[in-house]
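First the structure, in the form of structure tokens, and then the observations on it.
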Amino acid sequence: MHFCGIMYKMKILGIESSCDETAAAVIEDGQKVLSNVVVSQIDIHAEYGGVIPEIAARSHIEAVNPVIKKALADAGETIDSIDAIAVTHTPGLVGSLLVGTLAARTLAVLHNKPFYPTHHLKSHIYANWLSGYNPEFPLLAAVVSGGHTQIIYMERHDHFEIIGSTRDDAIGECFDKVAKILGLPYPGGPNIAKVALNGNPDKYQLPIPKVDGLDFSFSGIKTAVLRAVQNELGLPITTPSHELKEHLSDQQIADFAASFQKTAVNILIKKLKKARELHPETKSILLAGGVSANELLRTELHNAFDKECQVYVPEFKYSTDNGAMVASAAYYSIQAGEKSSDPYALDISPRSIIR
Ligand code: KG4
Ligand code: ZN
């Protein structure tokens, strides 16, 4: 950014609290991470096998001020030296979103800072810019998180066209539900990936759902795993899923995890290949969202597309929820002409489409 003839670096404080991570970060010019603080509630929710919204909101209240304070201190900044504040305002858990947005709005009002409400999925996509990379447009972004599974086509910054979506469960949700059937702790994704390392991915054949176009369906695979486990154990289909894990050996768990992971990754890669066939002009393919941390998915994406276009995956620390990606997304929106919002007028929304 040029300011009075000298290069001026724009520092944005990004705040994220849409689910079970309270996070804040200071980012310079959209890419340079000056600080990145994440307080995860995973241990609290693991006890219940999933995120409890009421507990999540209360935990955000405890964490939000110390997290913002630490993000500023780690960056060597104060709120006065920050140029703008960005915060996730949609989609997410209402109580969780309320805490982060209220903190951000208060800071913006008290310190008279430009204010940028940011879409969570946009932020996940922009995690790919945080390591100094500049993916070329047009690009395809696979948004694969606990709440979403979408293929998004971008012709330029701040242009988002959803060309494929899940019709039921999100891919991360499916990892979490299958993990539950197998008796693995929350969050399911990383735990499935871990035990899958010892499993045979070809042991169980799971069906690939037949869905037209670029859309997805993941709820059938979860049921297919449930039936396959009941069948393997010789138990009736009326056996509740929470009673299965005690009958499974470690090897069976590993084989089911590996077979499921392979199927889920195949489904995604297949649709991405189709998306690229429909958009042969795409120069880059990106992964975004928590499931982008999956090693098999990363490897298979490279195998599928390295010869055709540039492949980008976020650094592991930026795959799951964080404040750095929020600040980066806001920076590129500002570059594309977005104006500061009124912090008094902000609305949060549990569901919304990226645009
Ligand atoms: O993006 P994220 O942190 O939160 C949402 O916006 O939803 O994604 C969380 C999701 C969870 O479903 C979690 O199980 C999944 O990402 N996940 C993974 C891995 N790490 C996190 N799924 C598969 N493999 C992983 N290594
Ligand atoms: Zn997320």
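Every number for a ligand or one of its atoms is a count from 1 in the order of the listing.
- Considering each of Gly92, Ser145, Pro91, Pro190, the one bringing a non-hydrogen atom nearest atom 20 (N) of ligand 1 is Pro190.
- A donor-acceptor pair is defined here as one N or O able to donate and one able to accept, closer than 3.5 Å; no such pair exists between the side chain of Asp215 and the backbone of Thr166.
- With 3.5 Å as the limit, one finds a donor-acceptor pair spanning the side chains of Tyr204 and Glu232.
- Between Pro138 and Lys283 there is a side-chain heavy-atom pair separated by less than 4.5 Å.
- Shown in contact with Gly172 at under 4.0 Å from a heavy atom are these atoms of ligand 1, numbered in order with element: 12 (O).
- Residue Ser319 places no N or O, backbone or side chain, under 3.5 Å from any N or O of ligand 1.
- Of the candidates Cys19, Gly189, Ala179, Gly289, Gly189 brings a heavy atom nearest to atom 18 (C) of ligand 1.
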Given Asp168 and Ser217, is the side chain to side chain donor-acceptor pair (under 3.5 Å) satisfied, shown in steps? CA-CA 6 Å; Asp168 40 56; Ser217 166; 2.7 Å; yes
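- Nearest protein heavy-atom neighbour of atom 15 (C) of ligand 1: Val291 CG2, 3.9 Å.
- Counting only heavy atoms of the protein, atom 13 (C) of ligand 1 lies nearest to Asp176 OD1, 3.8 Å.
- Looking at Glu295 against ligand 1, nothing comes within 4.0 Å, counting heavy atoms.
- The closest approach between any non-hydrogen atom of Gly147 and ligand 1 is below 4.0 Å.
- Classification of Arg58 and Glu54 as a salt-bridged pair holds, one side-chain N sitting under 4.0 Å from a carboxylate O.
- Here the heavy atom of the protein found nearest to atom 6 (O) of ligand 1 is His120 NE2, 3.1 Å.
- The residue His148 has no part lying near ligand 1, judged by heavy-atom distances below 4.0 Å.
- The Zn ion (ligand 2) has an N, O or S atom of His124 closer than 2.8 Å.
- Here the heavy atom of the protein found nearest to atom 24 (N) of ligand 1 is Asn294 ND2, 3.0 Å.
- Contacts between Asp321 and ligand 1, counted as non-hydrogen atom pairs separated by less than 4.0 Å, involve both the backbone and the side chain.
- Take the N/O/S atoms of Asp321: the one nearest the Zn ion (ligand 2) is OD1.
- By the 4.0 Å N-to-carboxylate-O rule, Asp158 lies close enough to Lys122 to be salt-bridged with it.
- For atom 10 (C) of ligand 1, the nearest non-hydrogen atom from the set Gly146, Ser18, Gly50, Gly188 comes from Gly146.
- Remark: the Thr88 side chain and the Glu16 side chain contain an N/O donor-acceptor pair separated by less than 3.5 Å.
- Between Thr239 and Glu243, the side chains place no donor N or O within less than 3.5 Å of an acceptor N or O (distance only, hydrogens not considered).
- Here Lys177 pairs with Glu173 in a salt bridge; the nearest charged N to carboxylate O distance falls below 4.0 Å.
- At a 3.5 angstrom cut-off on N or O pairs, Gly290 counts as close to ligand 1.
- Judged purely by distance below 3.5 Å, without hydrogens or angles, the side chains of Tyr331 and His157 never pair a donor atom with an acceptor atom.
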